[in-house]
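So the structure is just underneath, and the comments pick up after that.
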Amino acid sequence: MRALCGAIISAGAMIGLGLTAIGIGIRYERDMTRSEGGEPYLVHLSQMDRPLTFILVFLTCTTIVGLGVAFLGLAYHHHRREREHRWARERAAAHRVPTP
């Protein structure tokens, strides 16, 4: 369940990052997309609006946290299943009657 929750969190954050990228592109599109030297016009993070910067940083952090929860959840799930499998083998060995 932990892995599923982490995957849902990171998927939602990645969808949000995609929408944020579209929003940044729409916000900063220009009639002239190239500078005088023929280079594409670049908007640096320090030149962006504060709300867009906040959303970008927040969704990036949320994606990292969601991926971390998903990977740790999967690791714990596999550890728990291995422990349950070992317990079932020990229980089956205890009920086995040795043959002479």
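By the criterion of side-chain heavy atoms lying less than 4.5 angstrom apart, applied directly or through intervening Ile, Leu, Val, Met, Phe, Trp or Tyr residues, Leu67 is not grouped with Val69; the two fall into different hydrophobic clusters. When the side chains of ILVMFWY residues are joined at heavy-atom separations under 4.5 Å, either directly or via intervening members, Ile15 and Ile64 end up in two distinct hydrophobic clusters. No continuous path of hydrophobic side-chain contacts links Ile8 to Phe71 [ILVMFWY only; heavy atoms under 4.5 Å]. Connection of Val57 to Leu59 is not established within any shared hydrophobic cluster, with ILVMFWY side chains joined at heavy-atom distances below 4.5 Å, either directly or through further cluster members. Criterion: ILVMFWY side-chain heavy atoms under 4.5 Å apart, direct or through other members. Under it, Leu45 and Leu52 are part of a common hydrophobic cluster.
Under a cut-off of 6.0 angstrom, the local environment of CZ in Arg50 is sparse, with at most 12 non-hydrogen atoms contributed by other residues, nucleotides or ligands. For Tyr28, the OH atom sits in a packed shell: over 12 heavy atoms of surrounding residues, nucleotides or ligands are nearer than 6.0 Å.
For the residue pair Ser10 and Thr63, the shortest heavy atom distance occurs at CB-O, 4.0 Å. Of all non-hydrogen atoms in Ala70 and Ala3, the two that sit nearest each other are O-CB, 3.7 Å.
Rounding to the nearest 0.5 angstrom, the gap separating the CG atom in Leu4 from the CD1 atom in Ile9 is 10.0 Å. To the nearest 0.5 Å, atom CE of residue Met14 and atom OG1 of residue Thr62 are 11.0 Å apart.
A heavy-atom distance below 4.5 Å is not found between the side chains of His85 and Arg81. With a 4.5 Å cut-off on side-chain heavy atoms, Tyr76 and Leu72 do not count as touching. Using a 4.5 Å heavy-atom cutoff, the side chains of Ile55 and Leu17 are not in contact.
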